[in-house]
Amino acid sequence: MVSIAMFINLLIFCGVVAIAFGLFRVGLPRFKTFKNFAQRFLPAIGVLILLLGANLLGAYQAKQTLQFTADLPPITTLATLREIEAGQPVAVVAVASPDNPVRGRNNEYLAYVDDNGLWTPQRILFDLDDAQIAMDDDAYKVRNWPLDRNLRFLNPRQQVVIIGEKEEFTRVTGPQKGEVTHSVEGILIFAGSHQAFLQDLQRRIWGPRIMVGLNAFALGAIALSTLVAAFRVTGRKLPQDAQETPNF
């Protein structure tokens, strides 16, 4: 999702810069008075500055989101997960449990995704160092999953990093009534170690970092150029005024 957002961010940046270049090179020389400059040129530049500002904010938020995810402490035990408040983001390092029913074309995948979306039971079991947890969600994103033709799959005993939110449920019926169940609502499942996950994040964060720099530079350049242009347009009447001033 971040890569798509950064591609859109780049398209907006290129479009704004191209329009700004055309305004300064073609449109600006046509304004002979500051009044026309203020009425027609400044509103157009204002819109471009707002677009760049929103673009800059979007890139910055994407960078902060990736950095926040990278800073999440890895959780490897149910005891640690229990200490997290419900609704808080978590990074759970676990192993895809062999207790999951395997499926797929050769009955070798416990989870897989193809071009049509996720094809897996909603409930997937993962083994922590001290217990087994369930992830009750089928709308998560996948990353770094092995690829077999158009099929991305997850094998049993594959180490994973689950990025999601802590969930708690209190049983209201049955012999375990009143017991609190701890689970994770998955947002993304990365196939690999936590170190590999951090390395992947560090590569991905360079896109937002570069776009933050480019948008900030373009924003400053357009603002400064507009200020210089305002002084130049204001001074275009000075020679004519000087000719009308009597010489003593």
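Heavy atoms only: backbone and side chains are in, while hydrogens, waters and symmetry mates are out. Worth saying up front: this structure is predicted, and the values here are computed from it rather than measured.
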Can you pull out every side chain to side chain donor-acceptor pair (under 3.5 Å) where at least one residue sits in residues 20-29? Sequence neighbours excluded, please. none
Name the residue from V142, N144, L154 that meets the side chain to side chain contact (heavy atoms under 4.5 Å, CB included) definition with V160. L154
What pairs with L42 under side-chain contact (heavy atoms from CB on, under 4.5 Å), at least two apart in sequence or on another chain? F37, A38, T226
Compute whether any side-chain donor of one residue and acceptor of the other, for D127 and S97, lie under 3.5 angstrom apart. yes
When clusters are formed by joining ILVMFWY residues with side-chain heavy atoms under 4.5 Å apart, either directly or through shared neighbours, do I19 and L56 land in the same one? yes
Nearest 0.5 Å please: distance from the CD atom of Q67 over to the CD atom of Q64. 7.0 Å
Give a yes or no on whether the backbone of F68 and the side-chain of D71 come within a donor-acceptor separation of less than 3.5 Å. no
Working to the nearest 0.5 Å, report the span between CZ of F197 and CG of L72. 8.0 Å
Please answer: with hydrophobic residues joined when any side-chain heavy atoms are less than 4.5 Å apart, are M211 and I49 in the same cluster? yes
Looking at K166 and I84, would you say the former's side chain and the latter's main chain have a donor-acceptor pair under 3.5 Å? yes
Without swapping roles, check the side chain of N9 against the backbone of N55 for a donor-acceptor pair under 3.5 Å. yes
Indicate the atoms forming the closest heavy-atom contact of L81 with V184, along with that distance. CD2-CG2, 4.2 Å
Spacing of F217 atom CZ and L219 atom CG [to the nearest 0.5 Å]: 11.5 Å
Atom CG in D129, atom OG1 in T76: separation rounded to 0.5 Å? 4.5 Å
Which residues pass the ring pair (Phe, Tyr, Trp, His ring centres under 6.0 Å) test with F24, sequence neighbours left out? F41
Exercise: identify the closest heavy-atom pair between P208 and A59: CB-O, 3.6 Å
Using modelled atom types only, decide if a donor and an acceptor are shared between the side chain of W145 and the backbone of L151 within a distance under 3.5 Å. no
Hydrophobic clustering (ILVMFWY, side-chain heavy atoms < 4.5 Å, transitive) - are V212 and I8 grouped together? yes
Residue pairs passing the salt bridge (charged side-chain N to carboxylate O under 4.0 Å, His left out) test where at least one lies in residues 192-203, sequence neighbours excluded: R143-D200, D200-R203, D200-R204
Before giving the answer on side chain to side chain contact (heavy atoms under 4.5 Å, CB included), spell out for R209 and I205 the whole-Å C-alpha distance, their side-chain angles and the decisive distance to 0.1 Å. CA-CA 6 Å; R209 282 176 177 170; I205 204 172; 3.7 Å; yes
With a 6.0 Å cut-off (strictly less than), is the heavy-atom count around CD of Q88, excluding the residue itself, greater than 12? yes
What is the minimum heavy-atom distance between I124 and Y140, and which atoms define it? CD1-OH, 3.2 Å
Residues which pass side-chain contact (heavy atoms from CB on, under 4.5 Å) with V17, listed by chain and number, not counting sequence neighbours: F13, A218
Just so I know, are the side chains of N215 and I12 near enough to count as touching, which here means a heavy-atom distance under 4.5 Å? no
What pair of heavy atoms forms the shortest contact from P156 to P98, and how long is it? CB-CA, 4.0 Å
Looking at every non-hydrogen atom in both residues, tell me the closest pair between A91 and I163 and how far apart they are. CB-CD1, 3.6 Å
If hydrophobic clusters are built from ILVMFWY residues whose side chains come within less than 4.5 Å, do L10 and L51 share one? yes
Could you tell me if the side chain of F126 sits less than 4.5 Å from the side chain of I162, heavy atoms only? yes
State, to 0.1 Å, how close V161 and G192 come at their nearest heavy-atom pair, and which atoms those are. CG2-O, 3.8 Å
What pairs with Q159 under side-chain contact (heavy atoms from CB on, under 4.5 Å), at least two apart in sequence or on another chain? V93, S193
Would the distance check show the side chain of N100 and the main-chain N or O of L125 forming a donor-acceptor pair, the cut-off being under 3.5 Å? yes
Taking a hydrophobic cluster as the set of Ile, Leu, Val, Met, Phe, Trp and Tyr residues connected by side-chain heavy atoms closer than 4.5 Å, whether directly or through intermediates, do M6 and I4 fall within one such cluster? yes
At what distance, to the nearest 0.5 angstrom, does CG of L214 lie from CG of L52? 10.5 Å
